[in-house]
Each structure stands twice: as C-alpha cells, then as structure tokens.
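First up is the structure itself, then whatever we jot down about it.
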Amino acid sequence: MAGVTLMTARRPPLSLLLHGMRDRSPGLGASLLGGAVAAGLGIGSLAVLVLGLWISSPYPDSGPAGALHIAAALWLLAHGVELVRTDTLSGAPQPVGVTPLLLLALPVWLLYRAARDATDASAEPDAPPPVPAHTAWTGVVLGYLGVGAAAALYCSGGELRPLWGWVTACLPLVAASAAGAGVWSAHGRPREPVLGALLVLPGPVRRLLFGSDARARLGTTVRAALSGTAVLFGGGSLLLGVSLVLHGAAARASFLQLTEGWTGRFAVLLLGIALIPNAAVWSASYALGPGFALGTGHLVHPLASDPAPLLPPFPLLAAVPDAGAGTPLNWTAGVVPVAAGVTVAWFVGRGAVGRLEAEAQGEPRAPWSAGRTAGVLLLSALLCGAILALLAALAGGPLGVAAMAHFGPLWWQSGGAAALWLTVTGMPVALTVRAWRLWGRRARGTVPAQGTEPGRRRPTDTGKKAANKAAGEEAKATAEEAVKGAAEESAKGSPHAAAKEQADETRGKPTKAGKAPKTRAHQEDPPSPLTQPDEDERYDVLPAADPFPSAWHDDVARATRWAALRAASTPLDSPGSPTDQPAAPSWPPVQEPSRPPFAPAPVAEPSPPPVDRSPAPDPSPARVDHSHPPEPSSPPVAPAPVSEPPAPADALHQPAELPDPEAPR
C-alpha cells in the first residue's frame with residue numbers, strides 16, 4: 001500500500017500535463033503536419049503516375065505493390081539518393097545514381113511552400129504574430145523526414161533499393177535547405193541570417209562582402225551569379241536542341257526501337273522530359289570545355305570526341321556529337337560561356353556605380369573602386385561555378401559498374417571551368433561598364449561623393465537627416481533672397497520703382513531699404529487710403545515682392561483705382577465720401593470737429609467747389625483706368641479743365657496724402 005502511494009505521489013497530475021501541452025511552442029503541430037503533407041504529396045504524385053502506366057501496360061510483370069515500390073524509389077532518387085538495382089541479367093546489383101533534375105524540382109517546391117505556410121505570417125495589422133522561424137523550420141523538416149524514412153523502409157525490399165548512407169545524407173540536406181528558404185522568405189527575407197552564414201568564409205572574402213554597403217555588394221554578387229547560371233543553362237538547352245535537330249533521324253529511330261506499345265513510348269517520353277535539364281547541364285559543360293563522360297575513359301568535348309561504348313538506345317544519347325576531332329561547328333559552342341561572362345560583368349558593372357532607383361528613394365552611395373569591382377566580379381564567378389558544380393554532380397552519376405560507372409560531367413571540372421571563363425571574359429567588360437556608367441553619371445552630375453553611406457536606414461540617422469534638410473532649406477532661402485535682391489537692385493532706377501517709393505513715403509511707410517517684403521494684401525488688393533496702418537499685422541505669410549513691377553499694376557495705380565472705386569460707392573454723408581477726400585497734397589488741412597483734418601480738393605479754382613451729388617471725377621491722369629469701362633450706373637466723367645491752378649510737378653504722380661492717425665481730432 002505504501003508502494004502504491006509512493007508511485008501515485010511521484011506521478012505528475014493530469015492538470016500539469018495539460019498545462020505543459022498548452023505551453024508548448026505554438027505552431028509546432030501545424031508545422032509537423034505541413035511537412036508530412038508535403039512528403040505525401042510528392043510520393044502520391046509519382047505513385048499515381050506509375051500506377052497509371054502499370055495499369056495501361058499490356059504486360060504487367062508485377063502487382064500494384066511493385067509499382068508502389070518503384071514510385072517510392074523514384075521519390076528518393078529525386079532527392080539525390082543513389083539506388084541499387086537488384087534485378088539484373090548477371091545477378092550482380094547495379095547502381096543507379098543519375099538524378100532527374102526535373103523530379104528534384106517537385107519536392108523542393110513542396111517543401112518551400114510548406115515551410116512558408118507554416119509560419120502563418122499575415123499582412124493584416126490585427127493578425128496574430130507569425131510562428132517563430134525555428135519552430136516552423138523544425139516542424140516541417142521533422143514531418144518531412146518522418147515520411148521519408150517510412151518510404152525508405154518500404155522500398156528497401158523492392159527491386160530498386162536505396163543506399164542508407166545516401167538516405168541519411170541527401171534527404172535531410174534537401175529538406176533542411178528548402179524549408180529554410182521557405183521560412184526565410186515568409187519572414188521578409190532578412191539579411192542577418194545570410195550575413196551570419198557568411199562568417200565561415202575566409203577573411204578576404206568577408207572584407208569584400210561586409211562593410212558599409214554590404215547589402216549592395218552581396219545583392220550584386222548573387223544577382224550576377226544567378227544570371228550567369230541562367231545563361232549557361234539556357235545556352236546548354238539551345239545546344240541540345242540544335243544537336244537533336246542535326247541528329248533527328250537517329251533520335252527518332254532510338255525512340256521507336258525501345259518499345260512498340262504506346263504505353264511504353266509514353267513512359268520513355270516522360271523519362272526523356274525528366275532528363276532534359278540533365279542534358280542541358282551536360283551541354284553547358286561541353287561548351288565550357290571539360291565536356292562530359294559517356295562511361296569511364298570516354299570523354300566528349302569540343303576539341304575531340306572519343307568513341308563511346310555500346311550504349312542503350314535513347315533519344316538524348318543520340319544527340320551526342322560524332323566521334324572524332326572537333327570541327328568549327330563544335331567550336332562555336334564557346335559562345336555560350338562568353339555570353340555568360342558578359343552578362344555577369346554587366347550586372348557587376350551596373351552595381352559598382354549604383355542604381356538610379358535606389359538614389360530616387362534617398363539611398364545614394366559612392367561608386368566602388370576598380371579593385372572592389374574586380375573583387376565582386378571574382379566572387380560572382382566563384383558562386384556561379386559552385387552552382388554549376390552542384391548541378392553537374394546531380395546531373396551525372398553511375399548507371400552500372402566497369403565502363404558504365406560514370407555518366408555525365410565531372411563536377412569539379414565543370415565548376416572550375418565556369419569560374420575561369422567568367423573571370424577572364426567578364427573582368428574587362430565589368431571595368432568598361434563601370435567606367436562608362438560612371439562617366440555618364442558624372443556628366444549628368446548625379447555621382448555621390450566618396451564615403452557616402454549606403455541606403456540602410458537606421459534610427460540614429462534621424463537627427464542627421466533633419467539637420468541636412470534644414471540646412472538645405474536655409475540655403476535655398478538664402479539663394480532666393482539673393483536673386484530677389486539682385487532683381488530689386490536692377491529695377492531700382494526705373495520710374496516705376498521711384499513712383500512706388502514716393503507712394504510709400506506719402507503713406508508714412510518705410511522704404512525698401514528698411515522694410516520687410518510686402519504682404520499679399522499689398523500685392524494683390526491694396527487697401528484704401530483710410531485703412532489703418534496696422535492692417536498688415538493680420539498676415540502671417542510675407543511673400544516676396546515682384547522683382548519686375550508692371551507700369552499698370554504697381555501700387556500707385558492700384559491705390560488710385562481703389563480710391564476712385566471707394567469714392568464712387570461711398571454716400572455723401574459718410575466720413576469717407578468723395579467730398580471729404582483731398583484733391584492734391586498742396587492744400588493745407590482744415591481742422592473741423594466732425595471730419596478728418598484736410599480740405600476738399602480744388603477742381604477749377606482755388607476756392608472749394610460746390611458740393612455735387614454725382615461722383616467726383618479723378619483730377620489726376622494716373623487715376624484714369626483705360627482698361628475697364630465705366631460702370632453703367634455712373635455718368636461719364638468729363639476731363640478736368642485746362643484752367644486748373646498749377647500744382648507741384650510730382651503731385652500728379654502721387655496718391656492723396658493720408659491723415660496722420662496720431663493727430664488729435
């Protein structure tokens with residue numbers, strides 16, 4: 001009884017177990033399920049295809065279990081796992097190590113999608129946070145490897161058996177890399193993991209990639225390497241197509257010779273389509289120089305082609321160049337690596353000077369030196385060579401023993417030749433493109449100064465950017481004031497400027513020598529002579545005055561027209577009636593208790609004229625507005641008589657003098 005009590009006390013209660021399950025990392029179960037589903041979809045796709053061919057075959061040699069074994073083996077072969085064929089004529093097992101690259105694309109794409117969906121990242125602002133990267137990656141990889149291990153165990157008893165050493169090496173590598181790419185893409189492609197992975201590189205390589213503009217250099221290197229790989233792969237595909245056309249009769253005969261039924265021919269066609277990327281890599285290696293091997297000791301390259309051993313008939317093998325020395329037609333394959341080198345050099349040369357799109361977004365940087373440009377080109381060539389070496393290693397492999405022990409290109413020769421070709425052909429082109437684009441940008445004046453930081457926005461640069469913006473605005477305002485001052489100095493001697501200064505002195509305002517720029521009210525709609533002097537204080541914005549005033553639209557003419565309009569619209573009994581306005585500044589003011597201290601304007605004789613109910617005509621020629629017709633309601637204004645008493649010379653060009661607002665009434 002005591003023992004039972006002790007075991008019960010040591011057992012964790014059910015509530016603690018449930019609490020631990022609730023506290024587990026969120027999203028792990030969904031990630032595991034996503035990885036398992038990705039593996040199941042890959043195996044299921046191949047199983048449907050193989051079962052369809054088995055059902056339609058007129059001579060099924062095995063049951064559905066054998067077809068499913070073949071489907072699982074093909075799925076493992078697509079990951080790079082080497083298989084062993086046990087059902088041979090000699091009874092000795094024969095290796096099968098040529099991986100169809102088109103089949104490899106299927107599991108890679110499924111893993112990438114599963115890992116990206118497992119992060120559950122949403123663009124909505126109120127969406128839950130995404131699943132952590134390590135959780136999503138771990139779940140997808142473990143789920144995928146679980147199904148892969150079960151598939152390897154299932155097909156280990158069939159005719160095509162996997163080698164467990166290759167299973168433990170290739171299957172986790174493909175799953176980890178593809179899932180990592182999916183998680184990295186779902187989290188916005190941050191550069192910190194990439195830069196952290198580059199720490200394993202040697203010191204000179206790190207110095208070329210790291211620094212103030214590490215992102216630009218790394219991005220340029222990757223873009224150039226991928227573009228060079230695409231050109232090599234595309235050129236190899238073009239060479240393959242040309243060779244198939246030239247050897248069309250042999251390819252057609254081999255296709256018809258393999259099988260007679262339409263089901264077998266369809267299977268051969270599908271196998272040929274799956275191996276087309278392999279043949280393109282073989283052709284690219286042929287154009288680079290090392291060529292490929294059709295068995296041990298039988299090389300095919302542009303300079304010569306060794307006689308191949310007895311090979312099984314297959315359409316892609318029928319496109320191999322004929323045995324013997326190379327011809328000028330074979331040498332033309334060297335155009336492919338030259339085009340790849342020019343493409344890589346173009347991307348590096350453009351990245352060395354910088355892109356206009358980055359500068360338009362406020363991310364200017366100084367152009368690279370010639371040495372740094374050459375270093376980035378060398379890194380791009382090495383990266384492209386590494387990618388091609390990996391493709392060559394996957395595209396080739398053994399198809400048997402002895403003479404059939406190796407088929408395809410040697411990976412180290414293909415990768416080294418690609419790096420050498422791109423470096424030799426791309427170095428002068430990259431330096432030429434850099435110099436040409438740098439000269440063009442200097443001609444346009446858009447080259448940033450040396451030492452300019454790249455377009456990486458950091459929080460510590462906020463104050464610096466604000467200070468630079470303020471300094472730029474201050475410099476712009478200083479330049480505008482200088483231009484305005486020069487324009488005013490050039491127009492100071494004109495008669496319009498003199499009349500304007502006299503008008504300002506008459507109204508009791510300071511001249512331009514000690515006055516701020518006029519407000520918009522004085523430029524567009526100047527007030528009447530009776531406006532208070534502090535009316536300008538209502539305006540906060542003081543725009544600059546027109547440096548080229550017009551004779552018709554200056555302040556004197558506008559003030560005169562405004563006074564005439566007010567005189568025409570003001571009643572006679574009001575303080576601002578036309579009879580209360582002075583006619584000329586020469587008359588002394590008359591002090592009256594009920595009106596402003598100035599005398600009525602003389603019209604024809606020194607004595608004040610009788611009061612007339614009609615609007616008084618403007619005695620000054622400067623007040624007559626010839627551009628606007630008189631109002632219909634007002635009678636025509638007669639011109640002033642010639643017998644007008646003499647007035648000062650400048651009285652006809654000045655507005656009426658305003659009363660002093662500080663004088664006692």
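Residue numbers run from 1 in the order of the sequence given.
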- request: Assess R252 against F255: is NZ or CZ under 6.0 Å from the centre of the six-membered ring, and within 45 degrees of the ring's axis?
  value: no
Considering all heavy atoms, the nearest L244-A319 contact: CD2-CB, 3.5 Å
- prompt: Would a 4.5 Å heavy-atom cut-off, applied to side chains only, mark L103 and L46 as touching?
  reply: yes
- request: Would you name the heavy atoms of V98 and G397 that are closest together and state the gap between them?
  value: CG2-O, 3.8 Å
query: For the side chain of Q94 and the backbone of V401, is there at least one donor-acceptor N/O pair under 3.5 Å apart?
result: yes
field: Whether N278 side chain and L101 backbone form a donor-acceptor pair below 3.5 Å
entry: yes
field: Other residues, nucleotides, ligands: >12 heavy atoms within 6.0 Å of W164 CH2
entry: yes
- request: Taking the side chain as every heavy atom from C-beta outward, state whether C155 and P162 have any atom pair closer than 4.5 Å.
  value: yes
Close side-chain approach of L317 to L294, heavy-atom, < 4.5 Å: yes
- prompt: Where the side chain of T332 meets the backbone of L329, is there a donor-acceptor pair that is under 3.5 Å apart?
  reply: yes
statement: Rounded to the nearest 0.5 Å, the OG1 atom of T99 sits from the CG atom of L74 at a distance of 11.0 Å
message: Please enumerate all residues that pass side chain to side chain donor-acceptor pair (under 3.5 Å) together with S285, with sequence neighbours excluded.
response: S414
field: CA sep, side-chain torsions, deciding dist, call: H69, L160, side-chain contact (heavy atoms from CB on, under 4.5 Å)
entry: CA-CA 8 Å; H69 280 88; L160 287 175; over 6 Å; no
message: For the CD1 atom of I70 and the CG atom of L83, what is their distance to the nearest 0.5 Å?
response: 11.0 Å
- request: Can you measure from CH2 (W436) to CH2 (W439) and round to the nearest 0.5 angstrom?
  value: 9.5 Å
message: When you measure from the side chain of R161 to the backbone of G158, do you find a donor-acceptor pair of N or O atoms at a distance under 3.5 Å?
response: yes
- request: Write down the atom of G228, the atom of V344, and the distance for their closest heavy-atom approach.
  value: CA-CG2, 3.6 Å
- request: Report the C-alpha separation of V96 and V84 in whole Å, then their side-chain angles, then the decisive distance to 0.1 Å, and conclude whether the side-chain contact (heavy atoms from CB on, under 4.5 Å) test is met.
  value: CA-CA 6 Å; V96 178; V84 175; over 6 Å; no
message: Tell me if a side-chain donor or acceptor on S305 pairs with a main-chain N or O of H301 at a distance below 3.5 Å.
response: no
- prompt: Heavy atoms, side chains only, cut-off 4.5 Å: are P277 and F233 in contact?
  reply: yes
Minimum heavy-atom distance L382-A419, with the two atoms named: CD2-CB, 4.2 Å
query: Side chains of W282 and L316: closer than 4.5 Å at any heavy-atom pair?
result: no
field: Interatomic distance, W411 atom CH2 to L394 atom CG [nearest 0.5 angstrom]
entry: 12.0 Å
Donor-acceptor contact present, side-chain D87 to main-chain E159, <3.5 Å: no
task: Look at the side chain of W137 and the backbone N and O of A176, then say whether any donor-acceptor pair between them is shorter than 3.5 Å.
output: yes
Donor-acceptor under 3.5 Å (R372 side chain, A352 main chain): no
- line: Minimal heavy-atom distance between T423 and L377, with the atoms involved, is O-CD2, 4.4 Å
Solution key, residues 138-153 side-chain donor-acceptor pairs under 3.5 Å, sequence neighbours excluded:
residue: T138; atom: OG1; partner: H134; partner atom: O; Å: 2.6
residue: Y144; atom: OH; partner: H79; partner atom: NE2; Å: 2.7

- request: Give the C-alpha distance, both sets of side-chain angles, the deciding distance and a yes or no for side-chain contact (heavy atoms from CB on, under 4.5 Å) between L226 and I387.
  value: CA-CA 9 Å; L226 292 179; I387 296 174; 4.0 Å; yes
message: Closer than 3.5 angstrom, by distance alone: can the side chain of W346 be matched with the main-chain N or O of A430 as a donor-acceptor pair?
response: no
- request: Work out which heavy atom in G349 is nearest to a heavy atom in R437; give both atom names and the distance.
  value: O-CD, 4.2 Å
message: The test is side-chain contact (heavy atoms from CB on, under 4.5 Å); show your working for V353 and R434 and say whether it passes.
response: CA-CA 6 Å; V353 181; R434 172 190 172 274; 4.2 Å; yes
- request: Output the distance between atom CG (L232) and atom CH2 (W421), rounded to the nearest 0.5 Å.
  value: 10.5 Å
field: Heavy-atom donor-acceptor pair, T168 side chain to G165 backbone, under 3.5 Å
entry: yes
- request: Please identify each residue that fulfils side chain to side chain donor-acceptor pair (under 3.5 Å) with N330, with sequence neighbours left out.
  value: Y286, T327
- request: Answer yes or no: is there a side-chain heavy-atom contact under 4.5 Å between L77 and V81?
  value: no
message: Measuring only between side-chain heavy atoms, which start at C-beta, is F314 closer than 4.5 Å to S254?
response: no
query: When rounded to the nearest 0.5 angstrom, what is the spacing between CG in L41 and CG in L111?
result: 11.0 Å
task: Taking the side chain as every heavy atom from C-beta outward, state whether H247 and D322 have any atom pair closer than 4.5 Å.
output: yes
